[in-house]
Number of protein chains: 2
Amino acid sequence: VRGLRLRPHVKTHKCIEIGQLQLDAGATGITVATVSEAEMFAAAGFDDLFIAYPLWVDAAKGARLRALSKRARVLIGVDSVEGAAAVSAHLPPGSIEVLVEIDSGHHRTGCLPDAAGGVALAGVRAGLVVRGVFTFPGQSYSPGAAEAAATQEAESLAAAATSLQAAGVACEIVSGGSTPTAALTNGETLTEIRPGVYVFNDAQQLELGRCELADIALTIASTVVHRTSVRVVIDAGSKALGADRPAWTTGYGRLLDHPDARISALSEHHATVDFPDGEVAPAIGSVMRVIPNHVCSAVNLAASFVVADAEASEVWNVAARGANR
Amino acid sequence: VRGLRLRPHVKTHKCIEIGQLQLDAGATGITVATVSEAEMFAAAGFDDLFIAYPLWVDAAKGARLRALSKRARVLIGVDSVEGAAAVSAHLPPGSIEVLVEIDSGHHRTGCLPDAAGGVALAGVRAGLVVRGVFTFPGQSYSPGAAEAAATQEAESLAAAATSLQAAGVACEIVSGGSTPTAALTNGETLTEIRPGVYVFNDAQQLELGRCELADIALTIASTVVHRTSVRVVIDAGSKALGADRPAWTTGYGRLLDHPDARISALSEHHATVDFPDGEVAPAIGSVMRVIPNHVCSAVNLAASFVVADAEASEVWNVAARGANR
């Protein structure tokens, strides 16, 4: 579609069954955040894994990456000359592949686009197989920011690709990311995208205008334990929903069946839900379906999914829960 | 000490070994947040458990509580007439004990102090064994608020005890909570306290002035993966530290060895650390010890603790990780 390969980020679901559905639907490989996520998916037979992170490789991590590279194609991120040197110090030449991470405006990790060629060349000289460049345009997580972020992402990646070519390093892979920008990206500059959240969506995507209520595929069932006429407290707190709460969100999550209600306070086992004028709060004992703000955080707190349609349900494990190192 | 029994909240550590150390040091029982935490600790031999939560008891939860009550003394919270009726509908008379939760100013769960007698009497008439009252003065989690919260906690509990007595219900247990107020409470009104965080402390307690850096007993080891001269990015994010970030905190956690540094941004696998003028940021590859804002959230994300002193270390499990239902 649009000349782009899809390499979905499986940190969102950490689930073998869902990853397999993504491959079945045409994904050309998966993205993970950590070596332990890569290990979990490789053990399940996934054979094309990109750890989209500027790993600091020491002897222990090097040994794990060597073991991984024997059962799957492994790509990792590098964003500095020091990082490239550490990779080459602990891994045999050619055992893994490398993408240079660039900062396309999120200002987290990644080198400047113009510096990508220097990092790539240092990697090549140290014996690494450098395949291209990648970025995460996280500035897309702000209301109205997705379009500008997608433009900045494409321009920065184009500059980085030029920088590699100027340094004499071929740039086969140009990889972008983020669910808010996924639909705004095309294959003019990028060769692949790595969205994660899209598979479920969540309250952040809803409030960013990047999905509709009907696109929400995961909720957390919880029970009203306390009630006044305009407010209830439910038994899902930060240990079920996650505590993510950017300033631009309207609360700590949303209720699927009460779109005008807002979660105004959250503690470990309590969410306080306020209802608007004229809406009567549900009775004590009622079950509410909560949409978490950030579904990746919520999934990592659960042992399993209940996967249901109108006829049947089954349980799938969050196989890589806690696999965050 | 101060005429108070200690019933520590083990949701902070979820660890059998630490709970046993607390009992060995004189705790008279433990507090848990959920039925599944109670099940985990009961299976390990803990025999006096207070689930400090206004549980909504249905048939499934009733069956679990009946099984629990056969191996341990079990107390649960009730804060409404409906809640008391649900408990008595699903549990044999006398199988568990009940404390009435009151709102002492945190405005989360709990009935008003003057309403406690009515809830207690409804419980007694429904066949419940009502032992007293409890509260969580969560308004103590704000700078300078601990003293007033402790006063409000004691006054509210005194009013609730009076309300029970006026309804003809004996009030043997008067239970308060919260680490910020723990040292400000005495046995004039309360009979027990239920702090949790005190066992480790965390960045919130530090910034509230309720502990010193030397009192911090848990940190998360993480590695510098990206660096400029005044900023680093480390590989511990919200999936290791938790995303708790009240408005009054100075960031998303603190660094034990760099007290003037601040974590200005957090995502799932990245924390951005800013260093003040004149302090040189640590080198890429350095290991940093991160103090989480809210240690209860951070512990729930980990599979185990490394327990170390100058001579030796061992590994203790977070036995009740994810036991949040």
Side-chain angles (χ1 to χ4, degrees), chain A residues 11 33-34 53-58 61 77 79-80 82-83 86 101 103 106-111 136 138 141 222-227 231 233 235-240 242-245 247 265-270 272 283-286 293-294 296-297 300-303 321-325, chain B residues 11 33-34 53-58 61 77 79-80 82-83 86 101 103 106-111 136 138 141 222-227 231 233 235-240 242-245 247 265-270 272 283-286 293-294 296-297 300-303 321-325:
Chain A
K11 73 182 162 107
T34 64
Y53 197 87
L55 294 176
W56 180 256
V57 178
D58 56 12
K61 210 152 255 182
D79 77 349
S80 65
E82 299 94 320
E101 184 179 14
D103 179 0
H106 184 39
H107 308 321
R108 194 172 64 177
T109 48
C111 62
F136 173 67
Y141 276 81
S222 73
T223 303
V224 175
V225 297
H226 180 89
R227 179 185 186 276
R231 246 181 68 184
V233 176
D235 64 0
S238 61
K239 282 179 172 172
D244 297 73
R245 210 288 198 203
L266 192 75
S267 45
E268 283 162 74
H269 299 281
H270 305 75
T272 302
I284 190 166
S286 304
N293 266 353
H294 186 187
C296 307
S297 296
N300 183 53
L301 293 163
R321 175 174 73 133
N324 297 323
R325 288 269 163 172
Chain B
K11 73 180 161 112
T34 65
Y53 197 88
L55 295 176
W56 180 256
V57 178
D58 56 12
K61 211 152 255 185
D79 78 349
S80 66
E82 299 94 320
E101 183 178 16
D103 178 359
H106 184 38
H107 308 320
R108 193 173 65 179
T109 48
C111 63
F136 173 66
Y141 276 81
S222 74
T223 302
V224 176
V225 296
H226 180 89
R227 179 185 186 276
R231 247 182 66 185
V233 176
D235 65 358
S238 61
K239 282 180 173 171
D244 297 73
R245 210 291 200 200
L266 192 75
S267 45
E268 283 162 76
H269 298 281
H270 306 74
T272 302
I284 190 166
S286 304
N293 266 353
H294 186 187
C296 307
S297 295
N300 184 53
L301 294 163
R321 174 173 73 134
N324 297 323
R325 288 268 164 174

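The structure displayed is predicted, hence computed values, not measured ones. We use all heavy atoms of the structure for the numbers below, so side chains are in, but hydrogens, waters and symmetry mates are not.
- The part of Asn300(A) that comes within reach of chain B is its side chain, from C-beta onward, which places non-hydrogen atoms under 4.5 angstrom from that chain.
- Contact count versus chain B (heavy atoms, under 4.5 Å) is highest, among Ile284(A), Thr272(A), Val224(A), for Ile284(A).
- For a residue to count as touching a neighbouring chain, one of its non-hydrogen atoms must lie under 4.5 Å from one of that chain's; by this rule Thr109(A) touches chain B with backbone and side chain alike.
- For His106(B) and Tyr141(B), the ring centers are positioned 6.0 Å apart or more.
- Only the side chain of Arg325(B) comes within less than 4.5 Å of a heavy atom of chain A; its backbone N, CA, C and O stay farther away.
- Proximity to chain A is absent for every atom of Val57(B), based on heavy atoms less than 4.5 angstrom apart.
- For chain B, the nearby part of Asp79(A) is the side chain; its heavy atoms alone come within less than 4.5 Å.
- Atoms NE2 and CD, from His294(B) and Glu268(A) in turn, are 4.0 Å apart once rounded to the nearest 0.5 Å.
- For Ser80(B), the part lying near chain A is the side chain, with the backbone staying farther off; criterion is any non-hydrogen pair under 4.5 Å.
- With a 4.5 Å cut-off on non-hydrogen atoms, Asn324(B) touches chain A through its backbone and its side chain both.
- Taking both residues in full, the closest heavy atoms of Gly322(A) and Arg321(B) are given as CA-NH1, 3.7 Å, listed atom of the first, atom of the second, then distance.
- Neither the backbone nor the side chain of Arg227(B) comes within contact range of chain A; no heavy atom of the residue lies under 4.5 Å from a heavy atom of that chain.
- Of the atoms belonging to Val225(B), heavy atoms from both backbone and side chain fall under 4.5 Å from chain A.
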